[in-house]
Undergrad: 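Please read through the structure below; I'll follow up with questions.
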2 protein chains.
Amino acid sequence: MDRSGGRVRHSGDLIAALSGRNLAHNLHSDVLWDLGFAIVSGQYAQGSILPPDTELLDRFRVSRTVLREALKTLAAKGLIEARARIGTRVLPRNRWNLFDADVLAWHFELGPEVSFLQSLAEVRIGIEIEAAALAAERRTDDQAGLLLAAVDRMAAARTPEEFARHDLEFHKAVADASGNPFMASISALVEMALTAAFTISSPVNEPEALEQTVAVHRAIAQAILDKSSQRAREAMRIAIAEGFARAAGRMENLESNP
Amino acid sequence: MDRSGGRVRHSGDLIAALSGRNLAHNLHSDVLWDLGFAIVSGQYAQGSILPPDTELLDRFRVSRTVLREALKTLAAKGLIEARARIGTRVLPRNRWNLFDADVLAWHFELGPEVSFLQSLAEVRIGIEIEAAALAAERRTDDQAGLLLAAVDRMAAARTPEEFARHDLEFHKAVADASGNPFMASISALVEMALTAAFTISSPVNEPEALEQTVAVHRAIAQAILDKSSQRAREAMRIAIAEGFARAAGRMENLESNP
DNA sequence: CAGGTGAATAAGTATGACAATATTGGTGAC
DNA sequence: GTCACCAATATTGTCATACTTATTCACCTG
């Protein structure tokens with residue numbers, strides 16, 4: 001863990017860039033990402049105590065202000081808890097806020113494991129199925145129009161990035177139409193899942209896969225348009241499950257044919 | 001907004017105490033809760049700019065360090081974003097991390113509206129249904145035992161607090177048995193929903209309601225024991241929907257008979 | 001009128017000192 | 001010999017002030 005010399009750009013930039021997030025690089029965020037990743041990757045075990053301020057100060061060569069703000073940010077995300085005289089303890093994983101974009105990004109930074117992608121797909125199924133059903137009950141005509149338009153743009157996409165952007169747009173539109181603020185709040189999750197999945201394998205390059213993906217998304221839009229919550233549920237489940245299956249299959253291929 | 005004189009204890013302490021969270025009161029957390037609540041309550045509109053550091057410093061009578069750490073914490077939860085020369089902007093609500101325990105608590109602090117409780121119930125249904133189904137597929141014998149034990153303790157509870165504690169314990173056990181880390185991560189959500197619901201009306205005081213609540217939880221446990229994911233799904237949906245319906249009904253009563 | 005240039009403003013960073021707090025171990029009373 | 005209490009100590013919490021950097025807006029030049 002020698003950080004001698006030039007500060008290393010973290011690979012999280014990739015995901016941040018893809019998702020259009022601002023990537024203002026200040027000192028604080030460097031320290032934050034370094035520590036956040038170290039914790040998520042298990043380098044600092046759950047329940048263990050981080051090195052005291054003085055040591056971290058020396059390691060990162062930043063001021064106390066910067067270090068403490070980074071630690072406060074980690075605390076806000078539920079990763080650590082500081083107590084006087086004791087030190088800064090890494091909290092057990094069930095206290096971490098996994099629905100946080102950064103925490104999620106740190107998980108992906110150590111190479112997305114299939115099991116993690118699967119867990120992600122499972123929660124997405126739970127939440128987005130319900131979002132689709134609610135959208136079918138509550139949608140306005142405008143919202144339905146947006147959904148159909150997004151599907152058309154997916155079908156017309158020519159690059160993986162373009163496809164992913166419109167796919168995300170579609171899922172955000174569903175969340176929006178559900179009228180439930182919590183649904184909109186998990187777009188960070190969807191974003192991460194989609195960019196991860198498309199980094200591994202985009203349907204754009206396989207005509208029949210593309211056609212299938214577009215078709216199932218169109219089915220969701222149509223069900224919502226028809227105000228059929230049951231059909232919306234089923235179609236959404238298929239969309240997410242298929243997306244995960246494609247990524248998982250590709251990863252296994254990569255393992256056998258490197 | 002004159003805060004002349006003694007600092008006011010925030011009512012969030014109630015929820016924090018009920019949920020067994022540590023309530024170490026440092027300056028930083030005072031400022032944090034004050035600002036967080038002000039934002040969530042709409043006192044600072046989405047998209048608006050917070051007063052500059054100097055003014056907040058003067059208002060709270062704390063050091064710059066404390067103020068900035070509070071702001072960093074809010075930023076970590078997605079409520080604000082600081083930009084040089086512009087100021088600190090309140091982000092739109094869809095950027096807020098509603099799955100954060102604090103953000104959730106601030107929402108409840110301004111009197112839980114029925115619509116908010118409903119949104120909460122909707123996401124819970126989505127996530128916990130899936131958790132129950134997965135638990136049915138993956139449970140170990142030990143985990144099944146814990147579930148049944150929790151139900152028994154619910155049935156034997158004599159006070160609302162006791163009942164709420166074991167109810168929460170039950171839902172945590174389900175999340176744990178699902179083997180999906182995301183499911184465990186939302187216990188903050190469940191916690192808040194349950195304490196809120198029981199603050200409004202606890203089934204402990206109504207024998208037939210208690211019996212019904214226990215019965216449906218026992219059905220969930222039994223389905224998971226039997227490895228029947230479909231029955232687990234249905235029972236979980238009923239459990240959450242009934243809990244919400246009871247609270248909502250009680251709130252309407254309170255409105256007409258104050 | 002277009003485009004560059006600099007002043008003003010707000011956040012970002014640095015530093016050193018002091019306060020609060022909880023563990024640890026020792027000290028004394030029973 | 002055991003227990004309760006207290007002091008030493010290590011670690012985070014807070015403060016005050018100064019300086020740096022980035023960004024916008026207005027002005028000024030071509």
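Everything numeric in this text was worked out from a predicted model, so none of it was measured. So you know, we letter chains A, B, ... as the sequences are listed, proteins then strands, and number each from 1.
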Undergrad: If you go through the side-chain atoms of B:Arg64, does one of them form a donor-acceptor pair with the base of C:dT13 closer than 3.5 Å?
TA: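 Yes.
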
Undergrad: Picking from D:dT12, D:dC15, C:dT13, which would you name as closest to the side chain of B:Val62?
TA: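 Shortest atom-to-atom distance from the side chain points to D:dC15.
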
Undergrad: When you measure from the side chain of A:Asn97 to the backbone N and O of A:Lys77, does any donor-acceptor pair fall under 3.5 Å?
TA: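 The answer is no, because no donor-acceptor pair under 3.5 Å joins these two groups.
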
Undergrad: Of the nucleotides D:dA10, D:dT14, D:dA18, which one has an atom closest to the side chain of B:Leu27?
TA: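 For B:Leu27, the side-chain atoms sit closest to D:dT14.
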
Undergrad: Base, sugar-phosphate or nothing for A:Thr54? Non-hydrogen atoms, less than 4.0 Å.
TA: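 Touches nothing.
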
Undergrad: The side chain of B:Val66 lies closest to which of these nucleotides: C:dT15, D:dA10, D:dT14?
TA: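 For the B:Val66 side chain, the nearest candidate turns out to be D:dT14.
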
Undergrad: Should the side chain of A:Arg85 and the base of C:dT23 be counted as holding a donor-acceptor pair, with the cut-off at 3.5 Å?
TA: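 In this structure, the two groups form a donor-acceptor pair.
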
Undergrad: Has the side chain of B:Arg83 got a donor or acceptor atom sitting under 3.5 Å from an opposite partner on the base of D:dT24?
TA: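 Between D:dT24 and B:Arg83, which were checked side chain against base, a qualifying N/O pair under 3.5 Å is absent.
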
Undergrad: Identify which one of B:Arg68, B:Glu69, B:Lys72 satisfies the side chain to side chain contact (heavy atoms under 4.5 Å, CB included) criterion when paired with A:Arg68.
TA: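 With A:Arg68 as partner, B:Arg68, B:Glu69, B:Lys72 yield a single side chain to side chain contact (heavy atoms under 4.5 Å, CB included), made by B:Glu69.
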
Undergrad: From the set D:dT14, D:dA10, C:dG12, return the single nucleotide nearest to any side-chain atom of B:Lys72.
TA: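 Minimum distance to the B:Lys72 side chain belongs to C:dG12.
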
Undergrad: So which nucleotide from D:dT14, C:dT21, C:dT13 ends up closest to the side chain of B:Asn26?
TA: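 Given the options D:dT14, C:dT21, C:dT13, the side chain of B:Asn26 is closest to D:dT14.
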
Undergrad: Check this one for me: any side-chain N or O of B:Arg68 less than 4.0 Å away from OP1 or OP2 of C:dA11?
TA: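 Answer is no, no contact under 4.0 Å.
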
Undergrad: Which of the following nucleotides, D:dT11, C:dA11, D:dT12, is nearest to the side chain of B:Pro52?
TA: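 The answer is C:dA11, which lies nearest to the side chain.
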
Undergrad: Hey, what's the ring geometry for A:Phe182 with B:Phe116, parallel, tilted or perpendicular (30° and 60° as the breaks)?
TA: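 It falls in the tilted class, 30° to 60°.
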
Undergrad: Quick one: is D:dG13 close enough that its OP1 or OP2 comes under 4.0 Å of any side-chain N or O from B:Thr65?
TA: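 No.
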
Undergrad: Please answer whether the main-chain N or O of A:Leu91 pairs with a side-chain N or O of A:Trp96 as donor and acceptor at a distance below 3.5 Å.
TA: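 Judged by distance alone, yes, a pair lies under 3.5 Å.
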
Undergrad: Does the side chain of B:Ser63 get closer than 4.0 angstrom to OP1 or OP2 of D:dC15 through an N or O atom?
TA: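 Affirmative; the distance criterion is met.
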
